[in-house]
Amino acid sequence: MHEGRLKDKTVLITAAAQGIGRASALACAAEGARVIATDINAPLLEQLAAERAGIEVVTLDVRDGDAVQALAQRTPALDVLFNCAGMVANGSLLDCSEADWDLSFDLNVKSMFRMTRAFLPGMLAHAGAQGSVSVINMASMASSIKGFVNRCAYGATKAAVIGLTKSLAADYVKQGLRANALCPGTVDTPSLRGRIASAADPVQAEKDFIARQPMGRLATVDDITPMVVYLASDESRFVTGQALLVDGGVTI
Ligand code: NAD
């Protein structure tokens, strides 16, 4: 009988109501994990819970330190923490306001600091018994890996995510914690559709997003979730401190 590659694992995912986070919740549940799917969007979380038994949903704003702490207090030790929450602030340095910069860093980077600080002690204690626990941080190909136009704050935050991930990997490797950054290319999600719709010429904007990938198409969320399942599972037990690209050849 196929018992699932994540059998007996508890996986918590942020920003799991739509896009890559949601697809990851479904993929991890399909591999037998107990999934705790969190997001600020309660109605969309309820739809997710209704779609698949075994996914527990919790409304959580990752910018709210008290709420993050409270959730960590009442949640059993995690095997996997997937910090997926993040946003794109469009624009070059001269376009970027201090407010956009601060919001980008708070949501894309400090949320991971908050979440990991809250859940790490329990995960480390659990790692002693289990042998390995995994933190997956959502970065991007737009980061220290490659520069893109109009991604000043975004690229800076995602580069910071890679640095944060490597520091975690270095500090806790002896205690059974693995930490890796996931770096997708251009993925067809509700937020990407929003960026296309808000462009001056949406038809051209979609063509431009597609043209970035030598493979000639956008990624689907299902192109990304196999990497999430791999990093969550013990199949990646010898992989830590890495920035793993799934980008359709952009960085060839
Ligand atoms: P999305 O942007 O469509 O959805 C984001 C989700 O985050 C929404 O459900 C929203 O409710 C939730 N959210 C927003 N603020 C929140 C908060 N304060 N607390 C908790 N949840 C909050 O999803 P996506 O496009 O799949 O992006 C997910 C992650 O993947 C982001 O970190 C993004 O930077 C990264 N990423 C996306 C792409 C892409 O092309 N879509 C590429 C590379 C990386």
Side-chain angles (χ1 to χ4, degrees), residues 6 9-29 33-49 51-52 54-89 103-123 133-140 143 154 157-158 160-162 164-165 168 177-184 187 189-192 221 224-225 227-229 231-232 243-244 246:
L6 301 177
K9 291 201 186 290
T10 301
V11 179
L12 188 145
I13 304 174
T14 67
Q18 69 178 31
I20 300 167
R22 182 181 202 277
S24 298
L26 289 167
C28 290
R34 175 192 171 196
V35 175
I36 305 168
T38 73
D39 200 286
I40 44 171
N41 191 324
L44 281 185
L45 282 178
E46 290 308 325
Q47 285 178 24
L48 175 63
E51 185 172 326
R52 171 123 203 158
I55 296 182
E56 187 185 322
V57 296
V58 180
T59 305
L60 177 71
D61 179 350
V62 292
R63 301 184 62 212
D64 180 343
D66 292 341
V68 167
Q69 279 295 342
L71 180 61
Q73 298 293 317
R74 63 174 197 269
T75 304
L78 304 177
D79 297 279
V80 180
L81 171 61
F82 179 17
N83 288 311
C84 184
M87 60 166 282
V88 176
L103 175 60
S104 297
F105 269 87
D106 195 55
L107 181 54
N108 296 8
V109 190
K110 196 170 177 189
S111 71
M112 296 187 181
F113 168 78
R114 271 185 211 109
M115 287 293 294
T116 312
R117 262 176 79 88
F119 285 91
L120 192 65
M123 292 180 79
V133 292
S134 172
V135 174
I136 306 167
N137 287 333
M138 179 56 94
S140 171
S143 58
Y154 186 74
T157 62
K158 295 302 190 181
V161 168
I162 293 174
L164 169 68
T165 306
L168 264 178
L177 179 104
R178 299 184 298 103
N180 292 286
L182 175 59
C183 304
V187 190
T189 64
S191 70
L192 181 79
V221 290
I224 309 302
T225 56
M227 186 63 92
V228 176
V229 171
L231 290 174
L244 293 118
V246 185

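- Put simply, the side chain of R63 reaches to within 4.5 Å of the side chain of L107, judged on heavy atoms.
- Considering all non-hydrogen atoms of both residues, A25 and L48 come closest at CB-CD2, 4.2 Å.
- Among the candidates M123, M115, R178, the single residue satisfying the side-chain contact (heavy atoms from CB on, under 4.5 Å) test with V135 is M123.
- Under the 4.5 Å side-chain criterion, counting only non-hydrogen atoms from C-beta, P76 is in contact with R34.
- Residue-environment remark: CZ (F105) exceeds the threshold of 12 foreign heavy atoms within 6.0 Å.
- In this structure R22 satisfies the salt bridge (Lys or Arg N to Asp or Glu O under 4.0 Å) test together with E51, sequence neighbours excluded.
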Side chain to side chain contact (heavy atoms under 4.5 Å, CB included), that's the test. Do C183 and I162 meet it? Break it down for me. CA-CA 9 Å; C183 304; I162 293 174; 4.2 Å; yes

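- Applying the side-chain contact (heavy atoms from CB on, under 4.5 Å) test between T38 and each of D61, L12, I13 identifies L12 as the sole match.
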Begin with the C-alpha distance, continue with both residues' side-chain angles, and end with the deciding distance and a verdict on side chain to side chain contact (heavy atoms under 4.5 Å, CB included) for L120 and L168. CA-CA 10 Å; L120 192 65; L168 264 178; 4.3 Å; yes

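- Here the shortest heavy-atom pairing between M112 and A85 reads CE-O, 4.4 Å.
- Under the 4.5 Å side-chain criterion, counting only non-hydrogen atoms from C-beta, L192 is in contact with T189.
- A pairwise comparison of heavy atoms in V80 and A232 identifies CG2-O, 3.6 Å as the closest pair.
- With a 4.5 Å cut-off on side-chain heavy atoms, S134 and I136 count as touching.
- Taken from CG in L71 to CG in L60, the straight-line distance is 5.5 Å, to the nearest 0.5 Å.
- T75 meets the side-chain hydrogen bond (donor to acceptor under 3.5 Å, both in side chains) test with no other residue; sequence neighbours excluded.
- Scanning all heavy atoms of the two residues, the minimum distance from A37 to L45 falls at O-CD2, 3.7 Å.
- Counting only distance, with no hydrogens or angles, the side chain of D79 and the backbone of T10 share a donor-acceptor pair below 3.5 Å.
- Of all heavy-atom pairs spanning F82 and M138, the tightest one is CZ-CE, 4.0 Å.
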Test log, rule side chain to side chain contact (heavy atoms under 4.5 Å, CB included), inputs V187 and I20: CA-CA 8 Å; V187 190; I20 300 167; 4.0 Å; yes

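- Here the side chains of L26 and I55 are in contact, with some heavy-atom distance below 4.5 Å.
- Applying the side chain to side chain donor-acceptor pair (under 3.5 Å) test to pairs two or more places apart or on separate chains, those with a residue in residues 108-120 are N83-T116, D106-R114, N108-T157.
- For the residue pair T14 and C84, the shortest heavy atom distance occurs at OG1-N, 2.8 Å.
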